[in-house]
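A short worksheet on the structure shown next.
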Protein chains: 2
Amino acid sequence: MFLSTTTNGIDAKGRLSVPADFRAVVRGDPLDGIYVWPSFDGAYLEGGGQALMDRYLGAIEDMDPYDDARIAMERSIFGAAKPLSFDANGRITLPKVFAEHAGLEGRATFVGLGARFEIWNPDVYAKHEAAARAYARENKRALKLPPRRAGESAR
Amino acid sequence: MFLSTTTNGIDAKGRLSVPADFRAVVRGDPLDGIYVWPSFDGAYLEGGGQALMDRYLGAIEDMDPYDDARIAMERSIFGAAKPLSFDANGRITLPKVFAEHAGLEGRATFVGLGARFEIWNPDVYAKHEAAARAYARENKRALKLPPRRAGESAR
DNA sequence: TTGTTTCCCATGAAATCCCATGTTATCCCA
DNA sequence: TGGGATAACATGGGATTTCATGGGAAACAA
């Protein structure tokens, strides 16, 4: 699982250290790196490992070949995603278009969201995070811990 | 189940012994440690084991991808949670931001709440506990047990 | 060439591991 | 049931490794 929020520096060559915890999640994948694409929903990047791409692929293959949603999903995810491999020290090199899409300059914030993660401009993310926490506080009764499902143990 | 309340010391390196009872609850998890995040609702930390995270993950994946509640939950729980592994003696190292969020200095109080637990500043918790007990006393008629579910025994 | 990308090595800071110790709780046996 | 032996637990400090980051050399492209 991708968890927690980490901000790392982007150097003059466009290199960016991927948090060690995130690298551990994709260890063993055929790609020694991560898949990243610009979000169609805002000025940030989305990404994940092989497991995430396999799930998206499975979801798409279950849709009708000429379903508009299928075409949109294929284009905006598979059409936009790049495999970014780690260098010997666990860094990726951000393509310029990705950095521009997310407004990344000098620093980037990785946000772990379980099955996937996002990469944000740190200042922009701080605002979004504050909004999310405020929403959660105001709606905490709706966000209560869900009931256990079949097969899950309470311990 | 996480049960009971224990206060342990935090040393100069930020290390904190997790109560042995709590460690026993997560024994066998893929992570030899616990998941902890700053509560979005107050100056304390929340945490649990793999079973708890799996429940949150399952609940989130049942929601619509761009639902506000989903985004709020993803960011305030997964985006904030860190896997903290035990050292050889059953201690975790508290990240500085966590200690600051909960006002932890020198000592920390673990409070078991069944499926999850909380970590508090001992003095702050003492006040909260007193308030909670008073509330329970005044509202004791509302504290009835729900009906047993199928398969559950009364014993 | 000139600019770009990839690989390799250096470094300081931070996190992790390893061993030691006192104290408390548990066990066992007389 | 008392009391000594044993194991479990919380805590402390030093040594080691990992991590993020910087820069240079080599391979590549235009």
Side-chain angles (χ1 to χ4, degrees), chain A residues 2-28 31-34 36 47 82-100 104-112 117 119-122 125, chain B residues 2-37 45 47 81-100 104-112 117 119-122 125:
Chain A
F2 298 104
L3 288 178
S4 151
T5 299
T6 311
T7 298
N8 284 337
I10 303 174
D11 68 18
K13 295 180 182 175
R15 293 179 303 186
L16 172 61
S17 280
V18 176
D21 290 350
F22 284 30
R23 300 203 300 263
V25 175
V26 300
R27 188 161 297 143
L31 170 71
D32 181 35
I34 51 181
V36 179
K82 273 188 191 278
L84 303 179
S85 358
F86 301 140
D87 70 10
N89 296 335
R91 287 177 293 198
I92 54 174
T93 301
L94 273 185
K96 260 196 217 77
V97 282
F98 283 14
E100 279 163 17
L104 302 177
E105 260 182 277
R107 305 178 67 69
T109 296
F110 287 83
V111 183
F117 60 83
I119 305 176
W120 288 77
N121 173 301
Y125 182 67
Chain B
F2 299 103
L3 288 178
S4 150
T5 298
T6 312
T7 299
N8 284 337
I10 304 174
D11 68 19
K13 291 182 180 174
R15 293 180 302 187
L16 171 61
S17 280
V18 175
D21 292 350
F22 285 30
R23 299 203 301 265
V25 175
V26 300
R27 188 160 298 143
D29 278 7
L31 170 72
D32 181 36
I34 52 180
Y35 296 94
V36 179
W37 64 95
L45 308 177
K82 266 189 185 283
L84 303 180
S85 4
F86 301 139
D87 70 10
N89 297 333
R91 287 177 293 196
I92 54 173
T93 302
L94 274 184
K96 258 198 221 73
V97 284
F98 283 15
E100 279 163 16
L104 302 177
E105 259 183 277
R107 305 178 65 67
T109 298
F110 286 83
V111 184
F117 59 83
I119 305 177
W120 288 78
N121 173 303
Y125 181 67

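Each chain gets a letter, A, B and so on, in the order the sequences are listed, and its residues count up from 1. The analysis underlying the following values was restricted to heavy atoms, covering all of them including side chains, and did not include hydrogens, waters or symmetry mates.
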- To the nearest Å, give me how far apart CG (A:D11) and C1' (C:dT6) are. 13 Å

- Query: Within this structure, what is the CZ-to-C1' distance between B:R107 and D:dA10, rounded to whole angstrom?
  - Reply: 11 Å

- Message: Quick one, B:D21 and B:T6 - any side-chain contact, counting heavy atoms below 4.5 Å?
- Response: no

- Query: Quick one: A:L16 CG to D:dT21 P, roughly how many Å, whole number?
  - Reply: 8 Å

- Message: Using whole Å, what does the distance between atom P of nucleotide D:dA8 and atom CZ of B:R27 come to?
- Response: 11 Å

- Find the distance B:K96:NZ to C:dA13:P and express it as a whole number of Å. 13 Å

- Message: Tell me whether the rings of B:Y125 and B:W120 are parallel (<30°), tilted (30 to 60°) or perpendicular (>60°).
- Response: tilted

- Could you tell me whether the side chain of A:D11 reaches within less than 4.5 Å of the side chain of A:R91, counting heavy atoms only? yes

- Atom-pair distance (CZ on A:R15; C1' on D:dC19), nearest Å: 15 Å

- Task: Give me the ring orientation class for A:F22 and A:F110: parallel if the planes are under 30° apart, tilted from 30 to 60°, perpendicular past 60°.
- Result: perpendicular

- Query: Closest nucleotide of DNA chain D for A:K13 versus for A:R23: which of these residues is on the 5' side?
  - Reply: A:R23

- Note on the structure: In numerical order, the residues of residues 85-93 of chain A whose heavy atoms come under 4.0 Å of DNA chain C are A:N89, A:R91

